[in-house]
Peer 1: 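Here it is: the structure, laid out below.
So that the names make sense, note that chain A is the first sequence line, chain B the second, and so on, each numbered from 1.
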Amino acid sequence: MTNFYCSRRELLDRLGGGIGSVALLELMSRKGLLADTRAKNPLAPKPQMLPAKAKAVISIFCYGGVSQVDTFDPKPELLNRQGEKMTGVGNVVATMGTPGGLMPSPWSFKKYGQCGMEISELFPNVAQHADDLALIRSMNALSPAHGPALFQMNTGTILAGAPSVGSWVTYGLGTENENLPGYIVFTDNRGGPINGAPNWGNGYMPAAYQGTQFRSSGPPIVDLKPPANRTPEEQQAWLEFLNKLNEQHLERNPLDSELSARIYSYELAYKMQTYATEAIDIGKETAATRALYGIDDDLTGYFGRQALMARRLVERGVRFVQLYSGGGNFEPSWDAHWDLKGNHEQHCGETDKPIAGLIKDLKSRGLFDSTLIVWHSEFGRLPISERMDGRDHNAAGFSVWLAGGGVKGGTIVGATDHYGYRAVENPKTVYDLHATILRLMGLDFEKLTYRFNGRDMRLTDVHGHLIPEVLA
Amino acid sequence: LINTCDRRNRSTIAPQALMMMNNNFVITQAKQFAARLRKEAGNDTAAQVDRAFLLALGRAPSAPEKSSSIEYVKGGPERLAEFCQAMFNLNEFVYRP
């Protein structure tokens, strides 16, 4: 192999990949293809624009809308005024059209950590890490409907067709492990969120920046396994043959860089057959680690596995991982229009221990300071009741938190009004959140642009301000 | 200059390559293509290769393409179908003539 730079990680990967991948690489470098395809890898790592600690993002998306007044934004006033009409807060949007009276939270709050952050009894394990969280209690979004709100939280705009945050991050930074996709998404086992794949879509960017959906049982990606009767040697021979023909075609079209990029995609695909399977194989994790994530418990098992896989992927240099809690429109999700108590007990119960376990595990492996965790929903829920015991959507005020690399833990930003309906103090938009996520990853949200339709597009469009309070 | 016609984006991603390598539909189609080659070109490998290039790419193979293909197909009984699958995976077939 000539003119071939190989990092420590790559060297280890090559050794682990065995003779097969060495042979393919050898073949490609002998033919002079390697330097070319390598340069064409759109996911090659790029330097940060600004100094930042975080190298990877884990986005925990609680689909359906977490109720802020029942989790991270206590409002004792709701008890004092139980059943009263919510007045003096401007126009109240009840999406489903059945607004009831003010409804106090069925759960009690306690102060946690040095910072004294008040968190409800729904998140007893996450609460143990209060001093690590930067909690924003004054979020607001543009739409109180799931579809547009999901799009806004994921892509910055309420319309379909824009690149998602993970696309912007992988576009800006590439990815560290060239044997795995740079941007990986796990949906809830009960179904995926509405809007589907455009939630992790690349929009107007090249497809290399779209999220790759992994499954958390069986083969992680569709079509990952070669046909049963095809040996690795046979597949190897087949790829060599394919490359030989593609290479002759490339010689006839030397100026089309996309042809070599497509040849490169076969190299990645071939390697992913081995590496993707290994990356999410939790079989060798210790009993203590399994317990940390609640993997052997029916309630926490599924999300726990995904959270542990997220750690394994981040550990292997994957840039952006998104985990969904809550299935689709007709499956259980956080969308508690009725039986708020049952709903949030279930979903908090499923995720509390795994999230706390993830924070703890990242810390013990020295990865917490280089990983940014973002816990969020597409919007919050109303402080008034719907159908007696539920809560309707609320985009006027809700809570999100950040933790990990570059985040100032134990911080509380902004506040909602005394009912917890509208963000009134230091209100923050989704644009602001996105600008801050990019900043924490070492990207300047005003300078990270992608040319499309004659315009330099940005994740935050013409909007957005950093949230300086959460930056360490 | 008023010109907002956009360039096509790259869609060269590994999951697409995996699908073209491993998906059962692609493999079934390759087997059916192989069966058609046997029917239309008989058992002569050179004739099969010529027919495959004509059907898949609308042209005859170049001399190096033809010799590589013949060598590959003669490597084993499953190779004709695998050759057909390679035809479906060619940049020339999928992407650009």
Peer 1: In terms of the angle between their ring planes, are F241(A) and F83(B) parallel, tilted or perpendicular, with boundaries placed at 30° and 60°?
Peer 2: tilted

Peer 1: Does any non-hydrogen side-chain atom of E78(B) lie less than 4.5 Å from one of E234(A)?
Peer 2: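 Contact flag for E234(A)/E78(B) side chains = no.
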
Peer 1: Heavy-atom distances under 4.5 Å only: say whether S62(B) touches chain A with side chain, backbone, both or neither.
Peer 2: side chain

Peer 1: Looking only at heavy atoms, which two atoms of A86(B) and L242(A) are closest? And how far apart?
Peer 2: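 Shortest heavy-atom contact: O-CD1, 3.5 Å.
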
Peer 1: Hey, does R262(A) have a side-chain heavy atom less than 4.5 Å from the side chain of V94(B)?
Peer 2: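 The answer is yes; the side chains approach within 4.5 Å.
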
Peer 1: Determine whether more than 12 heavy atoms belonging to other residues, nucleotides or ligands lie under 6.0 Å from atom CD of E71(B).
Peer 2: no

Peer 1: Could you pull out the closest heavy-atom pair between A17(B) and A269(A), with the gap in Å?
Peer 2: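 Scanning both residues, the minimum pair turns out to be CB-CB, 3.6 Å.
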
Peer 1: Report which part of P61(B) has an atom under 4.5 Å of a heavy atom belonging to chain A: side chain, backbone, both, or neither.
Peer 2: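 Neither part, no heavy atoms under 4.5 Å.
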
Peer 1: What's the spacing between D223(A) CG and F25(B) CZ if we round to 0.5 Å?
Peer 2: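 D223(A) CG to F25(B) CZ: 12.0 Å, rounded to 0.5 Å.
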
Peer 1: Determine, for E65(B) against K244(A), whether the closest basic-nitrogen to carboxylate-oxygen distance falls under 4.0 angstrom.
Peer 2: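 K244(A) and E65(B): not salt-bridged.
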
Peer 1: Can you list everything that forms a side chain to side chain donor-acceptor pair (under 3.5 Å) with N89(B)? Sequence neighbours excluded, please.
Peer 2: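 N89(B) satisfies side chain to side chain donor-acceptor pair (under 3.5 Å) with Y266(A) once adjacent residues are dropped.
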
Peer 1: For the NZ atom of K225(A) and the CG atom of L18(B), what is their distance to the nearest 0.5 Å?
Peer 2: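 Output value for this atom pair is 13.0 Å.
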
Peer 1: For the CG atom on N43(B), are there more than 12 heavy atoms of other groups (residues, nucleotides or ligands in this structure) within a distance under 6.0 Å?
Peer 2: no

Peer 1: Using distance alone, with no hydrogens and no angle criterion, decide if Q273(A) and N22(B) have a side-chain donor and acceptor under 3.5 Å apart.
Peer 2: yes

Peer 1: In Å, rounded to the nearest 0.5 Å, how long is the span from CD of E247(A) to OG of S68(B)?
Peer 2: 9.5 Å

Peer 1: Is a side-chain donor or acceptor of N91(B) paired with a backbone partner of N246(A) at a separation under 3.5 angstrom?
Peer 2: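 Side chain of N91(B) to backbone of N246(A), a donor-acceptor pair under 3.5 Å: no, none is there.
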
Peer 1: Could you state the interatomic distance from CD (Q248(A)) to CG (L90(B)), rounded to the nearest 0.5 Å?
Peer 2: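 One gets 10.0 Å once the value is rounded to the nearest 0.5 Å.
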
Peer 1: Relative to chain B, which segment of A276(A) carries a heavy atom at a distance below 4.5 Å: side chain, backbone, both, or neither?
Peer 2: neither

Peer 1: Is R230(A) close to M21(B) at the side-chain level, that is, under 4.5 Å between some pair of heavy atoms?
Peer 2: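 A side-chain contact under 4.5 Å is absent here.
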
